[in-house]
*Asks:* 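Below is one structure. I have some questions about it.
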Amino acid sequence: MSLVSVERHDAVSVITIDNPPVNALSQGVRAGLMDCIAKAAADAGCEAIVIACSGRTFIAGADIKEFGKAPVEPFLPDVVAGIEACEKPVVAAIHGTALGGGFEVAMACHYRFALETASVGLPEVNLGLLPGASGTQRLPRLIGAAAALDVMLSGKPVDASRALELGAVDRVASEDLIVGAIAFAKECVRTGPRRVRDMEVPDVDPGLFAEVRQNIAAKSRGLLSPERIIRCVELATTTGFDAGLVAEREYFLECMASPQSAGLRHAFFAERQVGKVPGIDKSAAGRSISSVA
């Protein structure tokens, strides 16, 4: 079964990702997205495109099985650039959670349509990383530098109503996701593609970055990624999109190679392995730890 498929509904091509359980951005998904975008773009009967996911959620992030391995093409930054470059309007149809690379894919789309129960976020800081596929440059352009820093430095998801208020999504609805997204995509044909890379970051309080650094100094002592996130957002306010992407990639690779991120990723995997220990009582409460040596 294909991980990514495309089917036309009238003049709207719906690209569907089906990679259970959380539609992670595996190499197969990345390649499938590139292929289906190209097919829809070449389809003379297609006027707009919707990117959606089967199952319980939109793309919930990277494929954790690929962590620590040599990256394989197509790389996610190339995928998001390909989506944004499409000459037909592309709408992300979001349900469940759009996290990390999943939210970066949604931000590369020209419009975002979300169910009211959905949420979006960039939790990379929890693994000692930063968004590495244009998230640090797109989010400030959508919602402003201060709100973008809060989302990225906290690592916490934002619910659909708050995301709409901030400007991270364009429409929130309670109806059938695909039906609603197709109708919205037809509306977007009139306005055409609206690329985040072409947006300006809203005006920034001159003292914002110094204040943010002071506020996170104690809780992020010894960690690379929070400071690198701040630097990336600063660049989004002072330089062009492409120059910001170069710095983001450099800082992402620096964080990925750091012992802090290696430790946090180890803890991430270890927590998930606990539930797979043979004979473990999954209803047991965690033991309280008050000291270590």
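When reading the values below, keep in mind they use all heavy atoms of this one structure, side chains included, and skip hydrogens, waters and symmetry mates. From a predicted model like this one, the values you see are computed outputs, not experimental measurements.
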*Asks:* Please report the interatomic distance SG(Cys109) to CD1(Ile94), rounded to the nearest 0.5 Å.
*Replies:* 8.0 Å
*Asks:* Considering residues, nucleotides and ligands other than His266, do more than 12 of their heavy atoms fall under 6.0 Å from its NE2?
*Replies:* no
*Asks:* Test Cys46 against Arg8 for side-chain contact (heavy atoms from CB on, under 4.5 Å), laying out the working first.
*Replies:* CA-CA 7 Å; Cys46 167; Arg8 188 136 62 76; 4.0 Å; yes
*Asks:* Find out whether Pro89 and Thr191 are in side-chain contact, i.e. whether some heavy atom of one side chain is under 4.5 Å from a heavy atom of the other.
*Replies:* no
*Asks:* Could you tell me the separation between the OG atom of Ser258 and the CG atom of Leu224, rounded to the nearest 0.5 Å?
*Replies:* 5.0 Å
*Asks:* Would you find a donor on one side and an acceptor on the other, under 3.5 Å apart, between the side chain of Gln137 and the backbone of Cys232?
*Replies:* yes
*Asks:* To the closest 0.5 Å, what do you measure between OG1 (Thr237) and CG (Leu235)?
*Replies:* 7.5 Å
*Asks:* Could you tell me whether Lys39 and Asp43 make a salt bridge, using a distance below 4.0 angstrom between a side-chain N and a carboxylate O?
*Replies:* no
*Asks:* Return the set of residues passing side chain to side chain contact (heavy atoms under 4.5 Å, CB included) with Arg56 (not counting sequence neighbours), or none when no residue passes.
*Replies:* Pro21, Val22
*Asks:* Decide yes or no on side-chain contact (heavy atoms from CB on, under 4.5 Å) for Leu153 and Ile229, but give the supporting numbers first.
*Replies:* CA-CA 8 Å; Leu153 292 173; Ile229 288 170; 4.1 Å; yes
*Asks:* CG of Leu122 to CE of Met107: how many Å apart, nearest 0.5 Å?
*Replies:* 5.0 Å
*Asks:* Looking at Asn215, I'd like to know if its CG atom is crowded, meaning that more than 12 non-hydrogen atoms belonging to other residues, nucleotides or ligands lie closer than 6.0 Å.
*Replies:* yes
*Asks:* Return yes if some donor-acceptor pair links the side-chain N/O of Asp205 with the main-chain N/O of Gly207 below 3.5 Å, else return no.
*Replies:* yes
*Asks:* Any side-chain donor-acceptor pair under 3.5 Å between Thr136 and Tyr251?
*Replies:* no
*Asks:* Say whether, by atom type as modelled, one donor and one acceptor occur between the side chain of Glu124 and the main chain of Gly132 under 3.5 angstrom.
*Replies:* no
*Asks:* Any chain of hydrophobic side-chain contacts (each under 4.5 Å) joining Val50 to Val29?
*Replies:* no
*Asks:* Does a side-chain heavy-atom distance below 4.5 Å link Leu129 with Met256?
*Replies:* yes
*Asks:* Provide the closest heavy-atom pair for Leu208 versus Ala145 in the form atom of the first, atom of the second, distance.
*Replies:* CD2-CB, 3.8 Å
*Asks:* Is there a continuous path of hydrophobic side-chain contacts, each under 4.5 Å between heavy atoms, that joins Met199 to Val90?
*Replies:* yes
*Asks:* Looking at Asp242 and Arg197, is any side-chain nitrogen of the basic one under 4.0 Å from a carboxylate oxygen of the acidic one?
*Replies:* yes
*Asks:* How about Val233 and Met152: do any of their side-chain heavy atoms sit closer than 4.5 Å?
*Replies:* yes
*Asks:* Got Thr16 and Glu7 here, is their nearest side-chain heavy-atom distance under 4.5 Å?
*Replies:* no
*Asks:* Could you report the tightest heavy-atom contact between Arg228 and Cys255, atom names first, then the distance?
*Replies:* CG-SG, 4.0 Å
*Asks:* Whether the side chain of His110 engages the backbone of Glu84 through a donor-acceptor N/O pair (distance < 3.5 Å, no angle test) should be reported.
*Replies:* yes
*Asks:* Under 4.5 Å between side-chain heavy atoms, hopping through other hydrophobics if needed: is there a path connecting Val6 to Ile51?
*Replies:* yes
*Asks:* Using a 3.5 Å distance criterion without hydrogens, assess whether the side chain of Arg138 forms a donor-acceptor pair with backbone atoms of Val196.
*Replies:* no
*Asks:* Compare every heavy atom of Gly135 with every heavy atom of Pro131, then report the nearest pair and how far apart it is.
*Replies:* CB-CA, 3.9 Å
*Asks:* Determine, using the 4.5 Å side-chain heavy-atom cutoff (strictly less than), whether Val120 and Leu177 are members of one ILVMFWY cluster.
*Replies:* no
*Asks:* Does the side chain of Leu264 come within less than 4.5 Å of Ser261's, by heavy atoms?
*Replies:* no
*Asks:* Output yes when a side-chain donor or acceptor of Gln27 lies under 3.5 Å from a complementary backbone atom of Val72, and no otherwise.
*Replies:* no
*Asks:* Heavy atoms only: give me the nearest Tyr111-Asp170 pair and the separation to one decimal.
*Replies:* CA-OD2, 3.2 Å
*Asks:* Within the 4.5 Å heavy-atom criterion, are Leu25 and Asp63 side-chain neighbours or not?
*Replies:* no
*Asks:* Whether the side chain of Ser13 engages the backbone of Ile49 through a donor-acceptor N/O pair (distance < 3.5 Å, no angle test) should be reported.
*Replies:* no
*Asks:* Is the side chain of Glu116 donor-acceptor paired with the backbone N or O of Ser174 at a distance under 3.5 Å, no angle test?
*Replies:* no
*Asks:* Quick one: pull up CG in Asp35 and CZ in Arg30 and give me the separation to the nearest 0.5 Å.
*Replies:* 14.5 Å
*Asks:* Indicate the ring-plane relationship of Phe184 and Phe113, choosing parallel, tilted or perpendicular according to the 30° and 60° boundaries.
*Replies:* tilted
*Asks:* Following the transitive rule for hydrophobic clusters with a side-chain heavy-atom cut-off under 4.5 Å over Ile, Leu, Val, Met, Phe, Trp and Tyr, establish whether Leu115 and Ile178 coincide in one cluster.
*Replies:* yes
*Asks:* Counting distance only, does the side-chain N/O of Arg141 pair as donor-acceptor with the main-chain N or O of Asp198 below 3.5 Å?
*Replies:* no
*Asks:* What are the two closest non-hydrogen atoms of Val169 and Ala114, and how far apart are they?
*Replies:* CG1-CB, 4.3 Å
*Asks:* Could you check whether Thr97 and Thr57, counting side-chain N and O atoms only, form a donor-acceptor pair closer than 3.5 Å?
*Replies:* yes
*Asks:* Is any side-chain heavy atom of Asn19 closer than 4.5 Å to one of Ile59?
*Replies:* no
*Asks:* For Glu234, enumerate each residue passing the side chain to side chain contact (heavy atoms under 4.5 Å, CB included) test, keeping only those at least two apart in sequence or located in another chain.
*Replies:* Phe209, Arg213, Ile230, Arg231
*Asks:* Might you point out which heavy atoms bring Phe58 and Ala98 nearest each other, and give the distance in Å?
*Replies:* CD2-CB, 3.6 Å
*Asks:* As an exercise, state the distance from CD1 of Ile83 to CD1 of Ile15, rounded to the nearest 0.5 Å.
*Replies:* 7.5 Å
*Asks:* Examine distances only and state if a side-chain atom of Arg112 and a backbone atom of Ala168 form a donor-acceptor pair shorter than 3.5 Å.
*Replies:* yes
*Asks:* I'd like to check Val151 versus Ile143 (side-chain heavy atoms, cut-off strictly below 4.5 Å). Are they in contact?
*Replies:* yes
